[in-house]
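One structure is given below, encoded as structure tokens.
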Amino acid sequence: MARRRRRRGGRGGPRVAPGIALAPAAVPASGAAPTADPLGGARGNGPAPAAWGEGRVARIERKTRETEILLQLAVDGRGEASVDTPVPFLSHMLEAMTKHGLFDLRVQARGDVEVDPHHTVEDVGICLGKAFFEALGDKRGITRFGTAFVPMDEALAAVHVDVSGRPYFSYNVPLAKTKIGNFDLDLLKDFFRAFAMNAMVNLHANLHYGDNVNHIAEAVFKAFGRALAEAARPNPRLPGVPSTKGAL
């Protein structure tokens, strides 16, 4: 079972999933910029840790007999990612999503990939979905709908999102029984389904055309990031919840 905690302020230290060892974060002097990543270790190419205590941020921990995942998402980010999973292709796709959605994302994942990478791919999707759901809170003032068309050379993909509170998933990206290296592209459908069900959103992913499977996968993930960003974007003309029902 996932344990969830939304962090609105900078108080308290990180909660650590059992089995994932994180280095302690440095405590800066008053007014000084922090020097350690909030999930431990050097800052690297990530955002200043102060950003993790502000805005729409969520932290998810998930531990099962198959996976251990620690994920932190800042919706109002700068496109910075620090992703460590045992599935390199998934890590690369998450980095693309983060960059083009202008989120900030930290993922540390371990899984029984020697048995099947499916467990890790799906569980990362679960955690990302839960984080997106928690970070948006009551959804007041968000745009709610997001659409993105992304070309990549010969491929054109589109992703449509409705942050409706009602999970639904439609996937029309014909990559069945196709691999990139050792990665089975069928698993991308499982990832997106897990995200949609746990983020409580409508998610429609469509491939209009394309030949190169790498281009197709990247176009879908980049469109996914941009559509999520548009749906989550604050709209100053919508001070309340964007629904005639008054709740999402």
Report the C-alpha separation of Arg59 and Leu71 in whole Å, then their side-chain angles, then the decisive distance to 0.1 Å, and conclude whether the side-chain contact (heavy atoms from CB on, under 4.5 Å) test is met. CA-CA 6 Å; Arg59 181 185 183 93; Leu71 184 147; over 6 Å; no
Run the side-chain hydrogen bond (donor to acceptor under 3.5 Å, both in side chains) check on Thr67 and His119 step by step: do they pass? CA-CA 7 Å; Thr67 64; His119 301 146; over 6 Å; no
Run the side-chain contact (heavy atoms from CB on, under 4.5 Å) check on Asn206 and His160 step by step: do they pass? CA-CA 9 Å; Asn206 298 289; His160 313 275; 3.8 Å; yes
For Lys99 and Glu95, run side-chain contact (heavy atoms from CB on, under 4.5 Å): C-alpha distance rounded to whole Å, both residues' side-chain angles, the deciding distance at 0.1 Å, then the answer. CA-CA 6 Å; Lys99 176 63 70 175; Glu95 290 166 356; over 6 Å; no
What verdict does the side-chain contact (heavy atoms from CB on, under 4.5 Å) test give for Phe221 and Val159, after you've listed the backbone C-alpha separation in whole Å, the side-chain angles of each residue and the deciding distance to 0.1 Å? CA-CA 9 Å; Phe221 266 88; Val159 173; over 6 Å; no
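Residues Ala196 and Pro167 approach most closely at O-CB, 3.6 Å, considering heavy atoms. Across Cys127 and Arg62, no two heavy atoms sit closer than the pair SG-CB, 3.5 Å. The two atoms that bring Val163 and Val201 nearest to each other are CA-CG1, 4.0 Å, heavy atoms only. The nearest pair of heavy atoms linking Glu230 to Thr147 is OE1-O, 3.1 Å. The two atoms that bring Lys222 and Ala96 nearest to each other are CG-CB, 4.2 Å, heavy atoms only. Across all non-hydrogen atoms, the minimal contact from Ala217 to Phe89 is CB-CZ, 3.8 Å.
A salt bridge does not link Lys179 with Asp184: none of the charged nitrogens is closer than 4.0 Å to a carboxylate oxygen. Using a cutoff of 4.0 Å between basic side-chain nitrogens and carboxylate oxygens, Arg144 and Asp162 are scored as salt-bridged. Using a cutoff of 4.0 Å between basic side-chain nitrogens and carboxylate oxygens, Asp84 and Arg110 are scored as salt-bridged.
Counting only distance, with no hydrogens or angles, the side chain of Thr143 and the backbone of Phe145 share no donor-acceptor pair below 3.5 Å. Looking only at distances, no side-chain donor or acceptor of Asp112 sits under 3.5 Å from a matching main-chain atom of Glu114. Judged by distance alone, with hydrogens and angles left aside, the side-chain atoms of Asn202 form a donor-acceptor pair with the main-chain N or O of Arg166 at under 3.5 Å. Using modelled atom types, one side-chain atom of Glu154 and one backbone atom of Asp211 make a donor-acceptor pair closer than 3.5 Å.
Annotation: the span from Leu105 atom CG to Leu73 atom CG amounts to 6.0 Å, rounded to 0.5 Å. With rounding to the nearest 0.5 angstrom, the CD1 atom of Ile126 is 10.0 Å from the CG atom of Asp190. Taken from CD in Glu66 to CD1 in Ile69, the straight-line distance is 10.5 Å, to the nearest 0.5 Å. The CD atom of Gln72 sits 10.5 Å away from atom CD of Gln108, with the distance rounded to the nearest 0.5 Å. Going from atom CZ of Arg78 over to atom CG of Asp104 covers 6.5 Å, rounded to the nearest 0.5 Å. In this structure, CG in Asn198 is found 12.0 Å from CZ in Arg193, a value given to the nearest 0.5 Å.
Between Leu70 and Val107 the shortest side-chain heavy-atom distance does not fall below 4.5 Å. Taking the side chain as every heavy atom from C-beta outward, Val75 and Val57 never approach each other to under 4.5 Å. Side-chain contact between Glu134 and Arg56: absent, with no pair of heavy atoms (C-beta onward) separated by less than 4.5 Å. Annotation: side chain of Leu94 is in contact with side chain of Phe191 (closest heavy-atom distance under 4.5 Å).
Residues Leu187 and Ile216 are members of one and the same hydrophobic cluster, defined by side-chain heavy-atom contacts under 4.5 angstrom among Ile, Leu, Val, Met, Phe, Trp and Tyr. Clustering ILVMFWY residues whenever any of their side-chain heavy atoms sit less than 4.5 angstrom apart, transitively, puts Met152 in a cluster other than the one holding Leu185. A continuous path of Ile, Leu, Val, Met, Phe, Trp and Tyr side chains, each step under 4.5 Å between heavy atoms, connects Met93 with Phe169, placing both in one hydrophobic cluster. Connection of Phe192 to Ile180 is established within a shared hydrophobic cluster, with ILVMFWY side chains joined at heavy-atom distances below 4.5 Å, either directly or through further cluster members. By the rule that hydrophobic residues join a cluster once side-chain heavy atoms approach within less than 4.5 Å of another member, Leu102 and Ile142 end up as members of separate clusters.
Within 6.0 Å of CG in Asn172 there are more than 12 heavy atoms belonging to other residues, nucleotides or ligands. Counting heavy atoms of neighbouring residues, nucleotides and ligands inside a 6.0 Å radius, atom CZ of Arg226 does not exceed 12 of them.
Ring-centre distance between Tyr168 and His204: below the 6.0 Å cut-off. Aromatic rings from Phe224 and Phe195 are positioned such that their centres are separated by under 6.0 Å.
Ring geometry for Phe132 versus Phe103: interplanar angle over 60°, hence perpendicular rather than tilted (30 to 60°).
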